[in-house]
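Everything below concerns the one structure shown next.
Just so it is clear, the model here is predicted, and its values are computed rather than measured.
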Amino acid sequence: MKWKKIGDILVLDKKDDNTNFKLLAQKHNVKTIIKINQIKGEKREPDIELLYGSETETINKENKCFFKLDLAKIMWSKGNNNERIRIANLAKENETVIDMFAGIGYFSIPIAKFSNVSKVISTEINPNSFYYLKENIKLNKINNIKPILGDNREIVPNYNGDRIIMGYVKTTHHFLDVAINSLNKNGILHYHETVPDKLIETRPLNRIKEAAKDRNVELLNIEKIKRYSPGVMHVVIDAQLD
């Protein structure tokens, strides 16, 4: 049985009706056990099955940051923890960072906490995620994050960033033109995509170049995050645009 522990909640990949969930909860010292059936829609809302306990809100500690969330309302991708701290380590002093698809602050919180950026503009469309984004800003005692609720297409054009994070997959390429238009000269783009293995070296970068039009695109790095499905990898493209 595969599982992951998020705060004091155990998340199972699949359930076995023969499992004694009370004993399993005691073994892992959790208050609740759930199974996530799927993540739905642009707002990334989970469909869960409650297997033991009743409380689905928890606080998860990652990379010395605290994240409050309700797993019945909000997704948590545990496999991205190395990427979140990698970006925090890349962020430079006095940068303005735009965190598109900010969620509950997965990238925004570590950046604001561990780098000396000027400010982080964090945009999120899901009201539940936005609520916890604001809670996590307070929980981590952060004062240089500006959280904004709404659609990236409407919000991001009002700002300019030295570094823009596009930490979403599936339809992220539909937002490339919005991100690139708000990226300052010589700014860095961190673009996430799920891509077939044979296209990793070509498709994501070509999509950036197409959206960039007459701006020069320099590939800095291709970071492989995790296996998304058989033959498909979740990758991040770090690119600099003049």
Side-chain angles (χ1 to χ4, degrees), residues 1-88 99 101-110 113-114 122 124-142 147 149 167-170 192 194 224-234:
M1 182 185 298
K2 292 184 178 180
W3 56 269
K4 56 187 174 184
K5 188 175 178 181
I6 301 172
D8 51 5
I9 297 176
L10 199 69
V11 182
L12 304 183
D13 282 1
K14 58 182 180 180
K15 73 171 184 177
D16 183 344
D17 291 331
N18 296 321
T19 300
N20 185 320
F21 293 114
K22 182 177 181 179
L23 288 178
L24 189 63
Q26 291 173 347
K27 176 183 177 181
H28 292 284
N29 191 29
V30 297
K31 63 184 179 184
T32 305
I33 301 176
I34 66 170
K35 176 181 175 293
I36 298 178
N37 295 319
Q38 62 177 321
I39 303 295
K40 301 179 293 184
E42 189 178 57
K43 294 182 180 180
R44 301 169 285 175
E45 296 171 315
D47 171 28
I48 76 158
E49 186 176 352
L50 196 62
L51 303 176
Y52 177 82
S54 59
E55 179 59 57
T56 54
E57 185 179 82
T58 189
I59 296 177
N60 191 53
K61 185 178 180 182
E62 178 186 273
N63 297 319
K64 299 181 180 179
C65 299
F66 296 96
F67 296 92
K68 183 190 289 188
L69 73 161
D70 187 334
L71 287 169
K73 300 176 181 178
I74 296 159
M75 63 165 283
W76 176 272
S77 182
K78 200 171 181 67
N80 293 353
N81 59 336
N82 290 335
E83 177 63 13
R84 294 191 268 262
I85 199 65
R86 182 182 81 91
I87 296 300
D99 183 12
F101 318 101
I104 64 171
Y106 311 102
F107 288 99
S108 295
I109 297 293
K113 191 164 186 174
F114 299 121
S122 305
E124 175 54 44
I125 197 171
N126 184 328
N128 290 321
S129 296
F130 185 71
Y131 168 79
Y132 284 104
L133 170 61
K134 293 189 293 182
E135 287 291 293
N136 292 328
I137 290 170
K138 290 186 287 186
L139 187 62
N140 289 276
K141 300 177 181 178
I142 304 294
L149 176 65
Y168 181 58
V169 294
K170 293 187 178 180
H192 290 238
T194 48
K224 295 179 180 179
I225 304 300
K226 61 183 177 182
R227 182 64 58 188
Y228 185 78
S229 61
V232 177
M233 182 67 71
H234 175 182

For Lys224, is the NZ atom crowded, meaning more than 12 foreign heavy atoms sit under 6.0 Å from it? no

With no hydrogens and no angle check, is any side-chain donor or acceptor of Asn136 less than 3.5 Å from a backbone partner on Ile104? yes

Considering only heavy atoms from C-beta outward, does the side chain of His234 approach that of Asn80 to under 4.5 Å? yes

Smallest heavy-atom separation, Asn37 atom then Ile48 atom, equals ND2-C, 4.1 Å

Rounded to the nearest 0.5 angstrom, the NZ-CZ distance for Lys61 and Phe66 is 4.5 Å

Residues at least two apart in sequence or cross-chain that pass salt bridge (Lys or Arg N to Asp or Glu O under 4.0 Å) with Glu55, listed by chain then number, are none

Item to check | Heavy-atom side-chain proximity of Val30 to Trp3 below 4.5 angstrom | outcome: no

Taken to the nearest 0.5 Å, the spacing of Ser108 OG from Ile142 CD1 works out to 10.0 Å

query: Any chance the side chains of Asp8 and Thr58 put a donor and an acceptor closer than 3.5 Å?
result: yes

_Evaluation steps, side chain to side chain contact (heavy atoms under 4.5 Å, CB included), between Phe67 and Ile109_ = CA-CA 9 Å; Phe67 296 92; Ile109 297 293; 3.9 Å; yes

With a 3.5 Å distance limit and no angle check, can you tell me whether Asn126 reaches the backbone of Asn128 through a side-chain donor-acceptor pair? yes

Next on the checklist: Taking the ring centre of each residue, are Tyr168 and Phe101 less than 6.0 Å apart?
Outcome noted: yes

Taking C-beta and beyond as the side chain, do Leu12 and Thr19 meet within less than 4.5 Å on heavy atoms?
no

| With distance as the sole test, does Lys113 use its side chain to make a donor-acceptor pair with the main-chain N or O of Lys64 at under 3.5 Å? | yes

- Task: Would you check if Asn63 and Pro110 make a side-chain contact, meaning some heavy-atom pair closer than 4.5 Å?
- Result: no

key: From CA spacing to verdict: side chain to side chain contact (heavy atoms under 4.5 Å, CB included), Tyr106, Met75   = CA-CA 11 Å; Tyr106 311 102; Met75 63 165 283; 4.3 Å; yes

Should Tyr52 and Leu24 count as side-chain neighbours, where that means a heavy-atom distance under 4.5 Å? no

| query | Checking side chain to side chain contact (heavy atoms under 4.5 Å, CB included) for the pair Ile85/Phe114: CA distance, chi angles, key distance, verdict? | reply | CA-CA 9 Å; Ile85 199 65; Phe114 299 121; 4.0 Å; yes

Could you please spell out the steps behind the side chain to side chain contact (heavy atoms under 4.5 Å, CB included) verdict for Thr56 and Leu50? CA-CA 9 Å; Thr56 54; Leu50 196 62; 4.0 Å; yes

For Leu133 and Pro147, the nearest pair of non-hydrogen atoms, with its separation, is CD2-CB, 3.7 Å

dist Ile6:CD1 -> Glu62:CD (nearest 0.5 Å) comes out at 10.0 Å

The single option from Lys68, Glu57, Lys73 that satisfies side chain to side chain donor-acceptor pair (under 3.5 Å) with Tyr132 is Glu57

>> When you measure from the side chain of Lys15 to the backbone of Lys35, do you find a donor-acceptor pair of N or O atoms at a distance under 3.5 Å?
In response: no

dist Asn60:CG -> Lys5:NZ (nearest 0.5 Å) comes out at 10.0 Å

Residue set satisfying salt bridge (Lys or Arg N to Asp or Glu O under 4.0 Å) with Lys138, at least two apart, ordered chain then number -> Glu135

Review point. Is atom CG of Asp16 surrounded by more than 12 heavy atoms (other residues, nucleotides or ligands) closer than 6.0 Å?
Key: yes

CD1 of Ile9 to CD1 of Ile59, rounded to nearest 0.5 Å, is 11.0 Å

Minimal heavy-atom distance between Ser54 and Thr32, with the atoms involved, is N-OG1, 4.1 Å

